[in-house]
Every structure is written in C-alpha cells, then in structure tokens.
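Notes for the one structure printed next.
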Amino acid sequence: MTDRSAIVTRFAPSPTGELHIGGARTALFNWALARRHGGKFILRLEDTDRARSSEASTRRIIADLKWLGIDWDEGPDIEGDSLEDWLKPDAPIVKRGDQESYFQSERLDIYRRYIDQLLESGRAYKCFKTPEELDAMRQAARAAGKAIAYDPAESRSLTSAQIAALEAQGRPYVVRFAMPDHAITVRDAVLGDVTVEPSQLEDFVIVKADGFPTFHFAVVVDDSTMGVTHVMRGQEHLANTPKHIALQEALGFDHPVYAHIPLIFNPDGSKMSKRDKAKAARAAGREHVRSLAEVDGWIEDVVRDGRSDANYMARPESAFSEADVRAFLDGKNDHTHIAGMIAFKLGVPLPEIDTADFRDSGYLPHALNNYLALLGWNPGGDVERFDMEFLRQNFSIERIGKSNAKFDREKLLAFNQEAIAKLPESEFRHQLWNVNTWAGRSWYARYFDGPDDPLFIAFARAYQPRSRTLRDPEHLGAFFFKKTEDITYDLSDKNIHKTLLKNDGEGKGVLDAIRPILKAVDPWSGAAAQAALEKFAETRNLKLGAIAQPLRIAISGTTVTPPLDLTLEILGGPAVLHRIQWCLIQSSPPTHSLNP
RNA sequence: GCCCCCUUCGUCUAGAGGCCUAGGACGCCAGGUUCUCAUCCUGGUAACACGGGUUCAAAUCCCGUAGGGGGUACCA
C-alpha cells in the first residue's frame, strides 16, 4: 500500500539525444523535491517517437544523471560504480519498481485500455482527415482569425458504419480527444492560476496513425498509474497543461500539483541548442578546409576517427559517412557527433550544451548542480554555495522563480574553480587524469606513469589552485609536454624581451650564471633547486624575482607558470638545463638594437 | 494573427507596503599579499522597464504600454 500523502516526482526525458543541461536541472529539481519530503523519484523514458528514440540515448541519459549524483527509486538503471561502467554499451539495463515498464513504448497495452474507455464514452473519436486536409483547415482558421483550426463536427458525425467502412478500406486515422467546452484552470504552484478559455481549446490527437499514443496522452496515463503527485517541468509545457487536465477529468484521474519552472537561455537570449555546437564546429571546419589542398583526405580522417574504438566519441549509432560530413559543412545537417569529431580533430572548444559536454570540459558535478540549482531557485538569505545534501534538506517549490534565466558560464566557472580548489589532492589528481582520458586526450599517459606518479602528483599540485576546469592544466601546462626544441621565445612580447634582454641582456646573464648552480643540485628536487637559487640570489644581492622570471621564461617560453619549485620539480634537472641552454641560443639579440 | 507567462545591477538573484540612501553572488575596476599566474584580503562600479493609479507610505497592490519568452504538430 502506498502512502497517499507521500510526494512522488518523476523525470521523463525523451531518449532522442543527449541529456540537455536544462533537462538536467529539471531532473535535479524533481529529485530534490522528492528527497526533501522523503518521497519517491521516478525515471521514465518517453520514447513514443519511434523514429528518433534510441537505446544508446537512454544509456547516456542514465549515465549522465548518475554522474550528476542524482538517484531514483523506480525506473531503468545501469549498475556499476563509475562512469566507465555506466557507459559500457553492453551493460545491462535493469528495472527498478513495480511498473510493467518505465518505457512508454512498452506500455502500449496500458494506453490501449484507456483509449478504449475514452472511445466508448464518446470523449474521444477517430479522425480520418489527411494531413493535407488539416493543413487547409489551419490556414482557413488563421485567415478567419480563429484560434481553433480543427472543427470536429464532421469527424464526430461519422456513424459507426461509416467508420467501419473507412477502417476496412485501410484508411489511416488518428484518435482525437474531445475537449470540454468549459474553461480550464491550471493551478500552478509557481505561476499561480492560469485559466484558458474554451475558445482556445482544440480537440487534439491522442493516438497517432502509427498506433502510438502522443506525449500528451501517455504522460497523463503514466503520471496517474505511477502515482506521480508533483509534475515539475519547463515552462514550455504550461500551454499544454490544460490538455492534460482535461484528460485527467475525462479519465477520472486526480490532478497532480503542477510547477512550471523557468527556461534557460544563452547569454544572448537564444535557445541553448545542439545547433550552437554545430555552428561552432562548422565554422572551425570550414576555416580549416579552406587551408587544405586535399579536402577529401581530411574528411576521410574525420570519418575514420569517428569510428575508431580508441575514440570516446565513437558510438555505434553515431557512425557517419563522408557524405554526412560534407553535408554538415554545408549546413545541411547538425549532427552532434560530427560536430564533436571535427572539434576534436581541430582541437577547438565547442559550447557546452548537454550534460556530457560539461563533463568533457572538466566541470565537477557538484559545481554544476550548485549552479544549476540557482538558475530558477534559491534558498533565500545570501546562501549561494551548497551541496546536494543541502538541496535534499532545503529545496522547496515556493522558492522557484518565475522568470527565465540566462546561462552565465563565468559564474559556473567560478563555482567550478572553487569546487576544484576544495577537492582533496588525490581526488583532484584522479579526476584530472580521468577527464583527460574521457575527452580522448590521453596524452598525460605519455609523460607520466599514472595518476600516482610522483611527477604527476607535483603536476596536479601545481595546477589545482589555478584550474577553473579539469581541462585547464592541459593548456596551462602545455609547455611541460613540449620538446625543448619546440619551445619558442617571442621577443616581440614586451615582457619576454624586457626580462631577457633589458640592460644589455641582464636576464640572459642571470641564466648563464645559474647554470652551474642548478647543475650542482644533486639529487634534483624542486625544493633543492629553489633553495640553491635563493642562496645564489642572496650572494648576488638580488631578489628572487630577478632570477625567477628569466628562468621561468627560459624553461617555458611564457611568462606564466606555477611556482618555480614545482615547475622545476616536474620538468627535472636535465630538461631545465637543456631549456636554459636553448633559450640562450634562441634569444640572441638582433644585430641592431630594437631600442634606438 | 490568437492565447498564455515573465520583467530588480551586464548576468543569477534577495526583497512578499514602511526594516531599501535596494542586500548577496559572478563579472568588471582599483589597491594589498606574492618569484609570474592563480588564490587570498580591502575597497569600488552598477538595477527596481515605462506611464498612470491605490495608499500617509510602493521595488512590493491595480490598470495600461513596451520588451522578452512560450504555445498554437500525427515532437516531446
């Protein structure tokens, strides 16, 4: 026996793609509400669109939710402890809960029963209109300034004999629900009462010609049969809610509490959509292709890499052809995986839109959840930084806002940086290693023996306080991974020029002077090297900065590195000495002075 | 077109008639600490969309205008 007072919420995505970041927030809110009240949270897959739904998408949605730290009491699930487990293509999808299924495509017999009930009571009827006829009706209605395009009179006046005859002919039909002729009020827990007049209410399709229920019908039946008490969803569903309420009345169902939450947009006000990713990848792709003599070869590469098992983007259902890539570059399709592959090959960042994008970009689930929760909800007071446990204890519908929000990556980045800084050292190290691998950039493995290699420990320690994402160290520390001969010294850079060549090459003089000092450090360690340098500075009556900055430039080619001791530690004595020598050669001043 | 929703610093927001000379966070600017960067600390910048009401008193209530968003599918 279920407790009738307990709150039951659900998250019901369509497995037609990735888990959109907005969907993640909806899931988070529903999860938090259920947890806050000791209720139940259900995951249900709305896969009534047979053409666009896929199992692979289901798997990724499940994995993404689990990665975020969201758990559910009923619905499909994948067992395991890590993202790798959840993303294994052959990991079994298990079912939790008493329902026959939590996939709408497997609940057809349930819908059938209620459809029959509606058909028998006359609250629904078969409609044999062709899509063309309906289009004409819509145009006519618009021309006449009427809100309702569909005139049910003709369909409803069909006799059962006529219907039987049409069915015998094999004429396709849909089932429409007969909307009541009274106004319907949505009692929204966030927006308040919203009343829609009957003149705006149109008979709508509940069974498609392919025999599948529409979203509107399935959602109402499922929410009722699953005992859902609170429906929290995006505001784009508000206008559809009267349909659902009417259906509930006709079926004798209770009405759940509705709470429509504000939408999330890009900073420029546009929708956050996968097209943003396609646009960015296309721009980069076109730019690159322009510089290529042999375009075919490059496209072949993209396709081959896209299929390579070694690549994280490779997914069976995402295989694409060379023609697809060409079409993509021409703007004829927006395939996410082609965008991903192009970006990967070119090393360009794509805007994060889906949950997995944020993961691949090095965001921590904790920071993401925290930021997401603040988009449309806040705990009041000046509290802004909190964890899942806090949400579990404090989330409430009352504090959900009404207005749409713009997604501010700067603020997310700030949250992420704080979260990274607070991570225990070893946790950060392992996450850093993992993300690098997930993102298909396993090149840490080329320089370090593993996440527990002492040099990688030093590397992680160097970058933990200065990483906004787990991907930052790859870029900030790129100089570590270069061959000495690939390091360049840009003397047109004011700082570099000044540090090395000012006062008749003072910086270079320092570099030359510290070579024997560093050479003598044995055994090599960052701390020992720095101590030697400090001692040297003292004898020369110099500040450490006067030595550190030329050295920093010599060993990195840049003016920014982690603290000297860590940098020297990671690089190692031989590389340091080699780079100093290289710098002295490469930074020879021009024959005539730059400063007249 | 029609219907519905929304409107406080650049952004996310606090604010439920006097506590508001409007608070916090991110960003930005300035200063301090520091071997660079980042961190950290200090200070600063910046908003009640507009116009009418109601009231002793309005960011808070009402009406209108403008702007933004959503819906109007055999997609969810």
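Note on naming: letters A, B, ... go to the chains in the order of the sequence lines (proteins, then strands), and numbering restarts at 1 for each one. From a predicted model like this one, the values you see are computed outputs, not experimental measurements.
A salt bridge is defined here as a Lys NZ or Arg NE, NH1 or NH2 lying under 4.0 Å from an Asp or Glu carboxylate O, and A/Asp193 with A/Arg187 meets this definition. Under a 4.0 Å N-O distance rule, the pair A/Arg471/A/Glu474 qualifies as a salt bridge. Electrostatic pairing of A/Asp512 and A/Arg515 counts as a salt bridge here, judged by a charged N lying under 4.0 Å from a carboxylate O. A salt bridge links A/Asp223 to A/Arg44: at least one charged side-chain nitrogen sits closer than 4.0 Å to a carboxylate oxygen.
Mapped onto RNA chain B by nearest heavy atom, A/Thr48 and A/Glu202 fall at different nucleotides, with A/Glu202 at the one closer to the 5' end. Between A/Ala147 and A/Asn404, the residue whose closest nucleotide on RNA chain B is further toward the 5' end is A/Ala147.
Note that the CD atom of A/Gln464 and the CZ atom of A/Phe459 stand 12.5 Å from one another [nearest 0.5 Å]. Note: A/Ile264 CD1 to A/Asp408 CG = 12.5 Å, rounded to the nearest 0.5 Å.
Below the 3.5 angstrom threshold, one finds a donor paired with an acceptor across the side chain of A/Glu384 and the base of B/G24. Judged by atom type and distance alone, A/Asp382 does not reach the base of B/A25 through any side-chain donor-acceptor pair under 3.5 Å.
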What nitrogen or oxygen pairs link the protein and nucleotides 15-21 of chain B at under 3.5 Å?
residue	atom	partner	partner atom	Å
B/G15	OP1	A/Arg399	NH1	3.2
B/G15	OP1	A/Arg399	NH2	3.2

Got a list of protein N/O to nucleotides 61-65 of chain B N/O distances below 3.5 Å?
none

For nucleotides 36-40 of chain B, tabulate all protein N/O to nucleotide N/O atom pairs closer than 3.5 Å, reporting atom names and distance.
residue	atom	partner	partner atom	Å
B/U36	O4'	A/Gln549	OE1	3.2
B/U36	O4'	A/Arg552	NH1	3.4
B/U36	O2'	A/Thr559	O	2.9
B/U36	N1	A/Arg552	NH1	3.2
B/U36	O2	A/Arg552	NE	3.4
B/U36	O2	A/Thr561	N	2.9
B/U36	O2	A/Thr561	O	2.9
B/U36	N3	A/Arg552	NH2	3.2
B/U36	N3	A/Thr561	O	2.5
B/U36	O4	A/Pro563	N	3.1
B/C37	O2	A/Arg466	NH1	2.5
B/C37	N3	A/Arg466	NH1	2.2
B/A38	O2'	A/Gln417	NE2	3.2
B/A38	O2'	A/Pro465	O	2.9

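Taking atom C1' on both B/U7 and B/C29, the two are 29 Å apart, rounded to the nearest angstrom. Spacing of P atoms, B/A59 relative to B/G53, comes out at 15 Å, to the nearest Å. To the nearest whole angstrom, the two C1' atoms, one in B/U11 and one in B/G51, are 27 Å apart. With both ends at atom P, the span from B/C9 to B/C50 equals 10 Å, rounded to whole Å. For B/G23 and B/U39, the P atoms lie 25 Å apart once the distance is rounded to whole Å. Here the separation of B/A58 from B/G68, taken at their P atoms, is 30 Å to the nearest Å. Only the P atoms considered, B/U65 is 24 Å distant from B/G71, to the nearest whole Å.
Applying the 4.0 Å criterion to OP1 and OP2 of B/C6, one finds that A/Lys402 has a side-chain N or O inside that range. Distances shown here put every side-chain N or O of A/Lys243 at or beyond 4.0 Å from the OP1 or OP2 atom of B/C4. Residue A/Lys208 places at least one side-chain N or O under 4.0 Å from the OP1 or OP2 atom of B/C75.
Taking 4.5 Å as the limit, some side-chain heavy atom of A/Pro256 sits within range of a side-chain heavy atom of A/Gln248. Side-chain atoms of A/Glu167 and A/Lys126, non-hydrogen and from C-beta on, do get closer than 4.5 Å to each other. In this structure, the side chains of A/Ile62 and A/Trp72 come closer than 4.5 Å at one or more pairs of heavy atoms.
If you check B/C20 for Watson-Crick or wobble pairing at under 3.5 angstrom, you find it has no partner at all. In this structure, B/A25 and B/U11 make a Watson-Crick or G-U wobble pair, each of the two defining distances being under 3.5 angstrom. Shown here, B/G1 forms a base pair with B/U72; the pair counts as Watson-Crick or G-U wobble because both key distances fall under 3.5 Å.
Looking at heavy-atom distances under 4.0 Å, A/Pro131 makes contact with a base. As judged by a 4.0 angstrom heavy-atom cut-off over every strand, A/Lys129 is placed among the base-contacting residues. Note on A/His260: nothing from the nucleic acid sits closer than 4.0 angstrom, heavy atoms only. Using a 4.0 Å heavy-atom cutoff across all strands shown, A/Phe265 reaches sugar-phosphate atoms only and no base atom. Nucleic acid contact class of A/Gly234 (heavy atoms, under 4.0 Å, all strands): none. Across all strands shown, A/Ala209 has heavy atoms under 4.0 Å from base atoms, whether or not it also approaches the sugar-phosphate. Residue-level contact check: A/Asn240 touches the bases, meaning some heavy atom is under 4.0 Å from a base atom.
Of the candidates B/C12, B/C26, B/C75, the closest approach to any side-chain atom of A/Arg385 belongs to B/C26. Closest to the side chain of A/Asp49, out of B/C26, B/C74, B/C75, is B/C75. Side-chain atoms of A/Asp565 lie closest to B/C35 of the nucleotides B/C75, B/C35, B/U13. In this structure, of B/C2, B/C12, B/C26, it is B/C12 that holds the atom nearest to the side chain of A/Lys406.
By the neighbour-count criterion of 12 heavy atoms within 6.0 Å, atom CZ of A/Arg275 is sparsely surrounded, having that number or fewer from other residues, nucleotides or ligands. More than 12 heavy atoms of other residues, nucleotides or ligands shown are found within 6.0 angstrom of NZ on A/Lys482.
Distance NZ (A/Lys271) to P (B/A76): 16 Å, rounded to an integer number of Å. Distance NZ (A/Lys126) to P (B/C74): 19 Å, rounded to an integer number of Å.
Annotation: proximity of residues 173-193 of chain A to RNA chain B (heavy atom, distance under 4.0 Å) is found for A/Val174, A/Arg176, A/Leu191, numbered in ascending order. Within a heavy-atom distance below 4.0 Å of RNA chain B, the residues of residues 133-144 of chain A found are A/Arg138.
A/Gln530 places a side-chain N or O within 3.5 Å of a backbone atom of A/Asp565 that can act as its donor or acceptor partner. With A/Arg466 contributing its side chain and A/Pro562 its backbone, the two residues share no donor-acceptor pair below 3.5 Å.
Partners of A/Arg59 according to the side-chain hydrogen bond (donor to acceptor under 3.5 Å, both in side chains) rule, which considers only residues two or more places apart in sequence or in another chain, are A/Glu55.
The aromatic rings of A/Phe407 and A/Phe358 sit tilted relative to each other, their planes meeting at an angle between 30° and 60°.
No close placement of the A/Trp377 and A/Phe29 rings is indicated, their centers lying 6.0 Å or farther apart. When ring centroids are compared, A/His260 and A/His237 stay outside the 6.0 Å threshold.
In this structure, A/Lys243 is positioned above the aromatic face of A/Phe204, its NZ or CZ under 6.0 Å from the six-membered ring centre and within 45° of the axis.
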Stepwise, does the salt bridge (Lys or Arg N to Asp or Glu O under 4.0 Å) test hold for A/Lys411 with A/Glu384? CA-CA 11 Å; A/Lys411 185 152 178 172; A/Glu384 261 204 348; 2.9 Å; yes
